[in-house]
Amino acid sequence: MAHDNEASSANEALAPLPASQRVFGWHDHASLWFSLGVGLLVMQIGAYLVPAVGTRDAAIAIVLGSLLGAGLLAWTARIGCESGLASAGLMHATYGSAFARLPVLLNIVQLVGWTTFELVIMREGTQAIGQQAFGLALGGPLGGALTTLLWGAVLLALLAGSMVKLVRRFVSRFGLPLVVLSLLWLTWQFATRLQAKGLDAFWARPGDGTMGMFGALDLVIAMPVSWLPLVADYARHGKRSAGGLGSAFSGTWIGYALANVWCYALGVMVVSVAEPGTGLVTALLLAQGGLVALGLILIDELDNAYGDVYSGSVSTHSLLPHWSVRRWGLLLAALCTALALVLPMHTLEPFLLMLSSVFVPLYGVILGRLGTGQAVLSVGMRRVDLGAALIWIAGIAAYHALAKWAPQFGSALPTLAATFLLAWASRPKATPTAAGGASALAQNRG
């Protein structure tokens, strides 16, 4: 692959991927996004839904929010597959080559944050497993540093290889079946406990009123939205044929929606049967066979860290193309490992979730401009698309205004709808030269 070169003067993130490198089919897209959708963080956020809202409202929010959020991912995946552009390329095509540097930079910041957070989650999971199964005291500063460095080293090793080979040879063939078996086992364990406690009482459990339905929807949609700035980096590897475009769309949607529904629901089940004050990881470990299941999910968590840092390296390469994607990936992985050693990441979790207020309107504009059959690069040669930039900034303000003054209506869906409609209504007319497709942006390295 071209991005495996040690150094590159060409900006691969802004150029369409050649057809010879497009190898992902439906199974690859579905396996990748199911794997990325599974995570301890998703289960933990699922646990926040109860008792804030009742079980029935939580179920509606989980299903509806997952379908909507995964649908946005799938829509963006189709654009990425159709154009062959990475996420940074889509931002350049929408906002102009100069202004797009701002959202690209913000994306790099959030990806470094999420990768660091994933390393912290893996460290804490490893410490819990070591204590529960082997009596190892890994909770001190030395134990925490060793486990962090261990996962950081594994992440570096993965980034030294090929992303395409990792997805097709490991995630699709081995990782996916093992994770599915783990989820099935844990679901069976906690469903059995719920049945023993009384399914009717569980299903009729009311909420305490601290969160409304639209607030719950926002919480569920937050996870798929956090992947929006990454999806095109992988979808661009989908086959370019008409069937390939459909595979990118349906594979991404089905894979991620299924994983998101499953993990959110499992989080609700775990918190509903665990003793008060019991953490999610501890509750999973206490389940029969929970050690093995949690260990496999923990390994799958590595996919999330890899997905974040790989996409971060593509975005960084778009700004500084003299280093290859691989080299940037290794540097960012080392940086995230160092940050995981020193930053109190749990206090930064609300900040990371708040970043959805940036990326919901960002992709509302991108979908409005590029997702309705418009030539993808019709605005790609501009340095600044002032209209798109103003709609995005207004969308961020609207997101926070709704959260403060009208929380009962939620923030994500109204902001997304408004920015999409404004971007669609104000989209520039396609020029004859834009119909030539993605080759135009490849000439623009600025």
Side-chain angles (χ1 to χ4, degrees), residues 1-15 17-18 21 23-24 28 32-33 35-36 39 80 84-91 101 103-123 148-171 175 226-237 299-341 343 352 445:
M1 294 182 60
H3 63 66
D4 286 341
N5 297 330
E6 283 303 310
S8 174
S9 59
N11 200 324
E12 300 163 29
L14 301 186
L17 197 70
Q21 296 181 28
V23 296
F24 284 178
D28 298 309
L32 172 65
W33 285 101
S35 180
L36 292 177
L85 291 174
S87 294
L90 297 182
M91 294 179 195
R101 296 175 184 272
V104 170
L105 186 61
L106 289 174
N107 186 35
I108 295 169
V109 171
Q110 77 136 355
L111 291 173
V112 168
W114 280 119
T115 305
T116 305
F117 195 79
E118 293 289 353
L119 287 170
V120 171
I121 289 175
M122 291 187 288
R123 175 183 71 206
T148 302
L149 292 172
L150 171 64
W151 285 114
V154 175
L155 184 59
L156 282 165
L158 292 177
L159 287 159
S162 163
M163 182 275 291
V164 171
K165 290 181 180 178
L166 177 69
V167 172
R168 303 192 78 199
R169 295 184 180 180
F170 176 75
V171 174
S226 71
W227 290 106
L228 274 174
L230 292 76
V231 63
D233 295 332
Y234 303 97
R236 70 194 300 227
H237 291 270
I299 293 173
D300 182 73
E301 200 82 34
L302 188 63
D303 289 351
N304 294 17
Y306 177 91
D308 286 332
V309 78
Y310 172 79
S311 192
S313 67
V314 174
S315 293
T316 309
H317 170 80
S318 77
L319 299 179
L320 300 168
H322 295 296
W323 273 21
S324 68
V325 172
R326 174 186 286 182
R327 183 175 289 182
W328 277 119
L330 294 172
L331 179 63
L332 290 180
L335 171 64
C336 293
T337 304
L339 292 175
L341 290 170
L343 288 182
L352 293 174
R445 304 304 183 195

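We're numbering straight along the sequence, starting at 1.
- Residues satisfying the side-chain contact (heavy atoms from CB on, under 4.5 Å) criterion with Ser313, sequence neighbours excluded, are Tyr310, Val325, Trp328, Leu332.
- Asp28 and Val167 get closest at one heavy-atom pair: O-CG1, 4.1 Å.
- Between Asn304 and Ser35, the shortest heavy-atom contact is OD1-O, 3.6 Å.
- Residues Leu156 and Ala333 come closest through the heavy atom pair CD2-CB, 3.7 Å.
- Distance CG/Leu302 to CZ/Phe170: 8.5 Å, rounded to 0.5 Å.
- Of the possible polar contacts, none joining the Ser315 side chain to the Val104 backbone as a donor-acceptor pair under 3.5 Å is found.
- Separation of atoms CE (Met122) and OG1 (Thr148) is listed at 9.0 Å; rounding is to 0.5 Å.
- Atoms CG and NE2, from Asn11 and His322 in turn, are 9.5 Å apart once rounded to the nearest 0.5 Å.
- For Asp233, the side chain to side chain donor-acceptor pair (under 3.5 Å) test picks out Ser311, with sequence neighbours left out.
- With contacts defined as side-chain heavy-atom distances shorter than 4.5 Å, the pair Val309/Leu111 does not qualify.
- Here the side chains of Glu118 and Thr115 are not in contact, with every heavy-atom distance at 4.5 Å or above.
- In this structure, Tyr306 OH and Leu36 CG are separated by 11.0 Å, a value rounded to the nearest 0.5 Å.
- For Asp300, there are no salt bridge (Lys or Arg N to Asp or Glu O under 4.0 Å) partners two or more places apart in sequence or in a different chain.
- By the 4.5 Å heavy-atom criterion applied to side chains, Met163 and Tyr234 are counted as neighbours.
- Taking the six-membered ring where tryptophan is involved, the planes of Phe24 and His237 are tilted, since the angle between them lies from 30° to 60°.
- Here SG of Cys336 is found 8.5 Å from CG of Asp308. Values are rounded to the nearest 0.5 Å.
- A 4.5 Å side-chain heavy-atom check between Trp323 and Thr316 finds every atom pair outside the cut-off.
- Between Leu105 atom CG and Gln110 atom CD the span is 11.5 Å, to the nearest 0.5 Å.
- Shown here for Gly329 and Leu159, the closest heavy-atom pair between the two residues is O-CD1, 3.5 Å.
- The shortest non-hydrogen separation linking Thr116 to Ala340 is CG2-N, 3.4 Å.
- Residue Arg236 comes nearest to Ala86 through the heavy atom pair NE-N, 3.4 Å, listed as atom of the first residue, atom of the second, then distance.
- Taking the side chain as every heavy atom from C-beta outward, Leu341 and Leu149 approach each other to under 4.5 Å.
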